[in-house]
Amino acid sequence: MVIRNEHEKDQFIVENLIRDAFWNVHEPGATEHYMAHNMRGHKDFVDELNMVAEINDKIVGSIMYTIGKLIAEDGTVKDCLSFGPIAVHPEYQRKGIGKALIEATIKKAKELGYESIVIFGHPSNYVSMGFVSCIKMNVCVGEGYFPTALLVKTLTDNAFDGRRWQFKESTAGEFDASDAEKYDQLFPYKEKKELPCQEEFFIYSHSSLHR
């Protein structure tokens, strides 16, 4: 396996991979490939951490990062990283490719001087790599809301100091649903289905923790 930066010629291949990886997982169909398409030109997009994984010259995985903000109670503002979409082709999942992409980009993120990574994700996918519940780092969204799916990875010893920090996600992932639907028409037809995993995603993405 080779992990390298994404090249311009890879972009449509990567978007098709992301589409395959997320199709019918979070909702009937998928929009993550359109989100990735939009993210690349955003001011918060981190080109140095836009990586792909290759096996036998075939792209089988992808990870993208943006810069978010952490705002302390006293008004202090600092940058953090957030990744997503992270995708592995369905035929190559459960083989450590996603973990390898995360580990490679964490190493690079440390070299670039970032202090932390804050993501929304299923805990079982990330706790083995050192991600912890946001409530342990006192990182919230809004006015003290601690989502179950909000996870934090510290990259330096002094990333957090006990103060409450409000996470502000980049606007890079925002898009209009109708634009995503139009963009999807550029790809091969795939059937949209309602599946149980979509309900699991809904539950995790709408639940929270309390002190």
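Basis for what follows: all heavy atoms, side chains included, without hydrogens, waters or symmetry-related copies.
- Taken from CD in Glu115 to CG in Asp157, the straight-line distance is 10.5 Å, to the nearest 0.5 Å.
- Applying the ring-ring contact (aromatic ring centres under 6.0 Å, His included) test to His7 and every residue at least two apart in sequence or in another chain returns nothing.
- Aromatic rings from Phe187 and Phe12 are positioned such that their centres are separated by under 6.0 Å.
- Heavy atoms only, all atoms of each residue included: Asp44 and Ser170 are closest at OD2-OG, 2.7 Å.
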(message) Walk me through whether Tyr183 and Glu15 qualify under side-chain hydrogen bond (donor to acceptor under 3.5 Å, both in side chains).
(response) CA-CA 11 Å; Tyr183 190 69; Glu15 289 169 21; 2.4 Å; yes
(request) Give the intermediate values and the outcome of side-chain hydrogen bond (donor to acceptor under 3.5 Å, both in side chains) for residues Thr105 and Tyr65. (result) CA-CA 9 Å; Thr105 50; Tyr65 279 77; 2.8 Å; yes
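- The pair Glu169-Lys69 does not meet the salt-bridge criterion, since no charged nitrogen lies less than 4.0 angstrom from a carboxylate oxygen.
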(request) Walk me through it: do His122 and Glu200 pass the test side-chain hydrogen bond (donor to acceptor under 3.5 Å, both in side chains)? (result) CA-CA 10 Å; His122 198 300; Glu200 181 182 9; 3.1 Å; yes
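- In terms of heavy atoms, Asp47 sits closest to Asn5 at O-ND2, 3.3 Å.
- The existence of a salt bridge linking Glu48 and Lys108 is excluded, since no basic side-chain nitrogen approaches an acidic carboxylate oxygen closer than 4.0 Å.
- The closest side-chain heavy-atom distance from Val139 to Phe146 is not below 4.5 Å.
- Interatomic distance, CD1 of Ile71 versus CZ of Arg164, reported as 13.5 Å (0.5 Å rounding).
- His33 and Asp184 form a side-chain donor-acceptor contact under 3.5 Å, judged by distance and modelled atom types alone.
- Note that the CG atom of Leu155 and the SG atom of Cys80 stand 10.0 Å from one another [nearest 0.5 Å].
- In terms of heavy-atom proximity, Cys140 sits nearest to Gly144 at SG-N, 3.7 Å.
- Salt bridge status for Glu32 with Arg19: absent, with no side-chain N to carboxylate O gap under 4.0 Å.
- Contact record, Trp23 with Lys190: CZ2-O, 3.2 Å, taken as the closest heavy-atom pair.
- Looking at every heavy atom in both residues, Ala53 comes nearest to Ile97 through CB-CG2, 3.8 Å.
- Note: Leu195 CG to Asn24 CG = 5.0 Å, rounded to the nearest 0.5 Å.
- To the nearest 0.5 Å, atom NE2 of residue His26 and atom OG of residue Ser205 are 8.5 Å apart.
- Taking the six-membered ring wherever Trp is involved, the centroid distance between the rings of Phe202 and His206 falls below 6.0 Å.
- Remark: Phe167 pairs with no residue by the ring-ring contact (aromatic ring centres under 6.0 Å, His included) rule, at least two apart or across chains.
- Between Pro85 and Ile18, the shortest heavy-atom contact is CG-CD1, 4.0 Å.
- Residues Glu181 and Lys192 are paired through a salt bridge, judged by an N-O separation under 4.0 Å between the basic side chain and the carboxylate.
- For the residue pair Thr66 and His42, no side-chain donor N or O sits within less than 3.5 Å of a side-chain acceptor on the partner.
- Taking the ring centroids of Phe22 and Phe201, they lie at or beyond the 6.0 Å cut-off.
- Note that the NZ atom of Lys95 and the CD1 atom of Ile55 stand 8.0 Å from one another [nearest 0.5 Å].
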